[in-house]
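Notes to accompany the following structure.
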Amino acid sequence: MTAGPSADDLRRYRRNLQEEVDGQSLYLLLAEAEEDPNLKSVFERLAESEKRHIDLWQQKLREAGEEVPRLRPGMQVRVLGWLARRFGTQFVTPLVERMEINAVTMYDDQPEAIEEGLPGSERSHARLFQELGRQPGEGVDVARLEGRHRSASGNALRAAVLGANDGLVSNLSLVMGVAGADPGREFVALAGIAGLLAGAISMALGEWISVLSSREAYSRQVEIEREELEMNPEEERAELVLIYQAKGLSEEAARITADRVFENRETALDTLVREELGMSEENVASPTVAAVTSFLLFAVAALLPAFPWFFADGGLAIGLSLGLGAVGLFGLGAAVTLWTGRSALYSGTRQLALGLAAAGITYGIGTALGVAIDI
């Protein structure tokens with residue numbers, strides 16, 4: 001004889017029921033407040049999804065011989081509905097997005113929910129509101145959507161510039177600090193090479209781990225999406241329709257587009273990963289390439305202030321080191337304007353001033369230490 005649900009299970013059923021009642025009420029309030037017919041349809045469809053979840057937990061309570069409580073939406077939901085009516089749904093979208101993200105894992109360890117595919121639905125709702133949060137509410141911004149997938153190379157270049165800047169500033173400060181103590185040319189050169197290698201290796205290892213973790217996370221997300229596509233293809237199709245509607249397509253156009261995508265299973269998987277997760281294979285870099293690139297860029301930049309100490313000494317070496325470092329600082333500062341849009345002269349001069357200030361501070365500290373310990 002199979003044992004019935006425990007007292008803890010019954011409390012969990014009631015808690016789940018309240019959560020779904022809150023969700024359905026919130027979506028209905030958002031639909032009521034939304035003027036755009038496409039988004040109104042999206043919210044109404046989400047409310048229908050929550051109704052199916054409500055039915056599940058009510059059924060579980062009835063099967064256990066429990067009375068189904070008459071529940072009202074919580075205060076938070078009512079406040080969000082009031083704000084949406086007064087200021088528009090876009091005003092509360094970030095708050096709803098946060099709520100949905102917090103609820104993503106609520107069903108991951110509940111067998112009754114897993115059997116009915118509820119974890120996938122919760123992830124779907126969170127991803128949909130993330131998409132709504134990115135939308136400006138003016139229809140489909142094709143340039144922005146395409147730019148999202150082309151941004152990887154730009155981000156990689158920006159990371160390269162910032163990595164080179166780290167190498168230059170850190171090693172210039174190190175070399176000037178050691179030079180201030182005046183331990184001799186060979187010692188300063190050795191310190192510069194040691195700083196170069198330590199920093200470049202650390203940078204490369206950190207970048208390798210970071211990118212590898214991103215690739216692993218991407219692969220895991222793809223497998224989760226593949227499982228959901230195999231288990232609930234119609235639900236995934238409906239989710240894609242909602243996403244296209246959130247982008248500004250009419251329901252009919254969204255359905256036609258989703259139907260075309262689902263004609264091929266691999267195309268459907270790739271599209272779902274792109275549209276729901278904002279991820280794609282080409283946007284995930286190679287860990288080895290990232291590590292090697294980071295090592296080389298850091299090392300080349302860090303070599304500039306250390307190089308003069310291989311053949312010069314004293315004031316000449318200090319002047320050459322500062323001169324090469326200054327050229328690098330100004331160039332890297334100017335390069336950052338590719339993303340900030342500021343004046344190259346302004347950004348380059350600012351970076352130069354900050355870098356030389358750091359070098360001056362470490363030189364002063366090195367000089368003081370050199371006198372104190374009588375190097």
Side-chain angles (χ1 to χ4, degrees), residues 14-58 68-107 113 118-142 144-145 148 235 237-255 257-258 275-278:
R14 295 190 185 94
R15 185 172 63 249
N16 292 341
L17 179 59
Q18 180 65 65
E19 291 284 347
E20 300 298 349
V21 167
D22 285 345
Q24 183 193 42
S25 300
L26 177 59
Y27 296 143
L28 289 174
L29 289 171
L30 292 177
E32 179 184 336
E34 181 56 57
E35 296 180 357
D36 183 283
N38 292 324
L39 288 182
K40 181 184 288 290
S41 175
V42 168
F43 294 137
E44 289 172 348
R45 295 273 298 282
L46 289 173
E48 291 176 9
S49 173
E50 297 294 81
K51 178 60 170 65
R52 292 192 295 272
H53 300 172
I54 289 173
D55 292 342
L56 170 64
W57 300 119
Q58 288 180 337
V68 177
R70 296 176 62 86
L71 300 176
R72 297 182 59 203
M75 178 60 69
Q76 182 182 24
V77 169
R78 295 199 292 272
V79 169
L80 287 173
W82 181 85
L83 291 172
R85 286 194 302 272
R86 189 170 184 84
F87 302 107
T89 59
Q90 198 69 20
F91 181 82
V92 302
T93 293
L95 300 175
V96 180
E97 177 186 345
R98 177 53 51 192
M99 291 171 58
E100 293 291 352
I101 291 174
N102 290 338
V104 161
T105 59
M106 66 175 289
Y107 287 135
L118 268 61
S121 293
E122 294 302 325
R123 285 192 289 272
S124 168
H125 294 176
R127 291 190 293 253
L128 178 60
F129 273 94
Q130 286 177 314
E131 180 62 39
L132 287 172
R134 289 194 292 264
Q135 297 298 324
E138 298 176 356
V140 183
D141 185 347
V142 176
R144 184 190 64 78
L145 295 173
R148 186 179 72 193
E235 184 171 324
R237 187 199 304 266
E239 180 180 338
L240 190 57
V241 170
L242 291 179
I243 289 175
Y244 285 146
Q245 285 185 261
K247 292 180 183 296
L249 296 180
S250 67
E251 182 174 355
E252 180 180 1
R255 287 186 180 280
T257 304
E275 296 297 342
E276 295 179 7
L277 308 179

Test side-chain contact (heavy atoms from CB on, under 4.5 Å) on Leu118 and Asn16 and set out the steps. CA-CA 11 Å; Leu118 268 61; Asn16 292 341; over 6 Å; no
Report the C-alpha distance between Met99 and Leu26 in whole Å, list the side-chain angles of each, state the deciding distance to 0.1 Å, and finish with yes or no for side-chain contact (heavy atoms from CB on, under 4.5 Å). CA-CA 11 Å; Met99 291 171 58; Leu26 177 59; 4.2 Å; yes
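A donor-acceptor pair under 3.5 Å links the side-chain atoms of Thr257 to the main chain of Ala253, judged by distance alone.
To the nearest 0.5 Å, atom NZ of residue Lys40 and atom CD of residue Glu35 are 8.5 Å apart. Between atom OG of residue Ser25 and atom CD1 of residue Ile54 there is a gap of 7.0 Å, rounded to the nearest 0.5 Å. Taking CD of Glu20 as the start and CD of Gln58 as the end, the distance is 11.0 Å to the nearest 0.5 Å. One finds the CE atom of Met75 at 13.0 Å from the CH2 atom of Trp82 (value rounded to the nearest 0.5 Å). How far CD of Glu44 is from CG of Leu39: 11.0 Å, rounded to the nearest 0.5 Å. Atom CG of residue Leu80 and atom CZ of residue Arg85 lie 11.0 Å apart, to the nearest 0.5 angstrom.
Annotation: side-chain hydrogen bond (donor to acceptor under 3.5 Å, both in side chains) contacts of Glu34 (sequence neighbours excluded): Thr89. Evaluation of the side-chain hydrogen bond (donor to acceptor under 3.5 Å, both in side chains) rule for Gln18 yields Asp22 as partners, not counting sequence neighbours.
Nearest approach of Gly81 to Leu29, heavy atoms of both residues: CA-CD1, 3.8 Å. For the residue pair Ala84 and Leu30, the shortest heavy atom distance occurs at CB-CD2, 3.8 Å.
Residues Arg78 and Arg72 are in side-chain contact: their nearest non-hydrogen atoms beyond the backbone lie under 4.5 Å apart.
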